[in-house]
Amino acid sequence: MEKPLPPLVPATLYLVATPIGNLEDITLRALRTLKECDVVAAEDTRRTGQLLKHFGIAKPLLSYFQFNEARRSEEILERLGRGEKIALVTDAGSPGISDPGERVVLAARTKGFRVESVPGPCALVAALTASGLPTEEFHFIGFLPHKSGQRRRQLAALKAFAGTLILYESPYRIEKLLGELTEIFPERAVVLARELTKKFEEYLRGTPVELLAQIKSRSLKGEFVVLIGGQAASE
Ligand code: SAM
């Protein structure tokens with residue numbers, strides 16, 4: 001007979017990764033954590049409500065997003081103090097990676113509470129591992145600032161980095177980004193990982209100027225991870 005799984009630990013903050021586009025990517029442990037916790041802190045309670053419903057889970061939800069992080073972190077700490085088991089999820093992927101989470105994790109650790117990661121989908125890992133670019137050394141930038149000058153400065157400062165650079169970008173700014181890469185990294189091998197884990201998943205490869213032409217000709221939409229090969233990968 002299989003051993004029963006250990007119950008969740010009281011007064012613990014669980015960081016639960018959720019699918020980035022394919023519901024089959026939820027892990028068994030994520031489902032059990034969501035079922036057994038006392039409350040789910042969610043970036044978007046409506047969206048997480050739909051996810052829970054899909055898996056037949058009914059749970060009280062607490063909203064936790066970028067602009068109420070400070071206030072909600074206090075509430076989460078109070079709940080942890082009462083011994084509650086709290087699952088934190090974002091709209092997609094791993095909490096804390098270009099998503100809310102960092103602040104409450106630090107606050108919980110500072111107060112001596114347990115924090116456990118329930119790992120799973122993460123767009124940057126999915127994109128990097130299947131990109132064909134070197135995986136040994138990489139630098140994750142997340143989203144660049146919106147202002148042109150700041151974006152260019154941040155990219156230019158990374159020119160000497162030998163490993164793979166990884167960025168998140170919204171579909172509305174992908175052309176702008178490729179224009180910037182054309183100036184700053186004209187010879188580099190770039191991969192656009194689009195719609196990962198979804199029906200129209202694809203990897204587009206080329207120099208920035210080649211990719212810009214492709215994007216324009218097909219008016220591609222959807223979510224993108226942008227990977228820039230280091231000097232060696234582009235030779
Ligand atoms: N926490 C998430 C993670 O673990 O990857 C990232 C959240 S961030 C707000 C959203 C960005 O991640 C998107 O703009 C896109 O750059 C990237 N992303 C998320 N899902 C993706 C997917 N299915 N395909 C490609 N990129 C994706």
Side-chain angles (χ1 to χ4, degrees), residues 13-27 29-30 33-34 40-48 50-51 54 63-69 87-106 115-133 135 138-146 151 154-155 158 164-181 190-205 208 211 214-215 218-228:
L13 176 65
Y14 290 89
L15 301 179
V16 181
T18 55
I20 57 167
N22 185 331
L23 288 173
E24 280 190 301
D25 291 337
I26 192 112
T27 68
R29 193 164 156 237
T33 307
L34 293 168
V40 177
E43 186 182 8
D44 178 340
T45 51
R46 199 181 57 89
R47 214 167 142 165
T48 298
Q50 286 166 352
L51 180 81
H54 178 88
S63 105
Y64 178 87
F65 55 89
Q66 197 188 347
F67 301 106
N68 71 3
E69 269 190 282
L88 175 68
V89 303
T90 59
D91 290 354
S94 301
I97 300 297
S98 297
D99 261 346
E102 193 182 314
R103 182 190 281 257
V104 69
V105 168
L106 176 63
V115 180
E116 248 187 61
S117 182
V118 181
C122 181
L124 85 97
V125 175
L128 174 65
T129 49
S131 68
L133 292 170
T135 57
F138 61 89
H139 179 91
F140 176 58
I141 300 162
F143 290 101
L144 287 170
H146 287 184
R151 292 165 69 87
Q154 195 172 340
L155 287 170
L158 290 162
T164 302
L165 297 172
I166 309 173
L167 290 147
Y168 283 166
E169 191 50 285
S170 109
Y172 308 106
R173 273 184 293 275
I174 195 79
E175 277 192 34
K176 176 179 162 113
L177 175 64
L178 287 169
E180 291 157 346
L181 297 185
V190 173
V191 176
L192 300 182
R194 189 174 86 87
E195 295 287 83
L196 293 166
T197 76
K198 302 184 196 177
K199 189 172 171 192
F200 297 108
E201 166 168 333
E202 65 177 335
Y203 291 82
L204 305 169
R205 318 173 66 83
L211 290 171
Q214 277 200 56
I215 290 277
R218 289 174 57 196
S219 65
L220 288 174
K221 297 276 179 298
E223 296 193 282
F224 290 91
V225 180
V226 181
L227 304 104
I228 305 162

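For ligands, and for the atoms within them, numbers begin at 1 and follow the listed sequence. Values below: every heavy atom of this structure, side chains too, minus hydrogens, waters and symmetry copies.
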**From CA spacing to verdict: side chain to side chain contact (heavy atoms under 4.5 Å, CB included), Arg218, Leu204** = CA-CA 12 Å; Arg218 289 174 57 196; Leu204 305 169; 3.7 Å; yes
**Polar atom proximity, Cys122 to ligand 1 (N or O, under 3.5 Å)** = no
**Request:** In sequence, state the C-alpha distance, the side-chain angles, and the governing distance for Arg103 and Tyr64, and then conclude on side chain to side chain contact (heavy atoms under 4.5 Å, CB included).
**Result:** CA-CA 11 Å; Arg103 182 190 281 257; Tyr64 178 87; 4.0 Å; yes
**Prompt:** Among protein heavy atoms, which lies nearest atom 15 (C) of ligand 1, and at what distance?
**Reply:** Phe224 O, 3.4 Å
**Request:** Measure the distance from atom 25 (C) of ligand 1 to every protein heavy atom, then report the residue, atom name and distance (to 0.1 Å) of the closest one.
**Result:** Glu223 O, 3.3 Å
**Message:** Evaluate Thr90 for polar contact with ligand 1, using N/O atom pairs at a separation under 3.5 Å.
**Reply:** no
**Request:** Answer with yes or no whether Gly93 contacts ligand 1, where contact means a heavy atom under 4.0 Å from a ligand atom.
**Result:** yes
**Request:** Assess Ala193 for proximity to ligand 1: is some non-hydrogen atom of it under 4.0 Å away?
**Result:** yes
**Asked** Between Cys122 and Tyr168, what is the shortest heavy-atom contact and its length?
**Response** SG-OH, 4.2 Å
**Request:** Just jot down the ligand 1 atoms closer than 4.0 angstrom to any heavy atom of Asp99, in number order.
**Result:** 1 (N), 2 (C), 7 (C), 9 (C)
**Item:** Closest approach of any protein heavy atom to atom 26 (N) of ligand 1, naming residue and atom
**Value:** Val225 CG2, 3.4 Å
**Prompt:** Can you tell if the side chain of Arg173 reaches within under 4.5 Å of the side chain of His146, non-hydrogen atoms only?
**Reply:** yes
**Message:** Would you say that Arg194 contacts Leu192 through its side chain, given a criterion of any heavy-atom pair below 4.5 Å between the two side chains?
**Reply:** no
**Verdict with reasoning, Leu128 to Val225, per side chain to side chain contact (heavy atoms under 4.5 Å, CB included)** = CA-CA 9 Å; Leu128 174 65; Val225 180; over 6 Å; no
**Request:** Under 4.0 Å from a heavy atom of Glu169: give me the atoms of ligand 1 that qualify, with their elements.
**Result:** 14 (O), 16 (O)
**Request:** Verify the neighbour count for atom CD of Glu102: are there more than 12 heavy atoms of other residues, nucleotides or ligands below 6.0 Å?
**Result:** no
**Item:** Short N or O distance, Ser94 and ligand 1, threshold 3.5 Å exclusive
**Value:** yes
**Asked** Going by the atom numbers of ligand 1, which of them fall below 4.0 Å from some non-hydrogen atom of Leu196?
**Response** 22 (C), 23 (N), 24 (N), 25 (C)
**Message:** For the backbone of Pro145 and the side chain of Arg151, can you confirm whether one donor and one acceptor N or O come within less than 3.5 Å of each other?
**Reply:** yes
**Item:** Residue-ligand contact Thr197/ligand 1, heavy atom below 4.0 Å
**Value:** no
**Asked** Shortest non-hydrogen contact from Thr48 to Ala42?
**Response** OG1-CB, 3.4 Å
**Prompt:** What are the atoms of ligand 1, with element, lying closer than 4.0 Å to any heavy atom of Phe143?
**Reply:** 8 (S), 9 (C), 10 (C), 11 (C), 14 (O)
**Message:** Counting non-hydrogen protein atoms only, what is the nearest one to atom 3 (C) of ligand 1? Give residue, atom name and distance.
**Reply:** Tyr168 OH, 3.6 Å
**Request:** Examine Ala123 against ligand 1 and note whether any of their N/O atoms are separated by less than 3.5 Å.
**Result:** yes
**Request:** For Pro119 and Arg29, work out which heavy atoms get closest and say how close.
**Result:** CD-NH1, 3.7 Å
**Request:** Would you mind running through ligand 1 and noting each atom that sits below 4.0 Å from a heavy atom of Lys198?
**Result:** 23 (N)
**Request:** Provide the number and element of each atom of ligand 1 under 4.0 Å from a heavy atom of Ala92.
**Result:** 1 (N), 2 (C)
**Asked** Which heavy atom in Leu196 sits nearest to a heavy atom in Ala127, and how many Å separate them?
**Response** CD1-CB, 3.9 Å
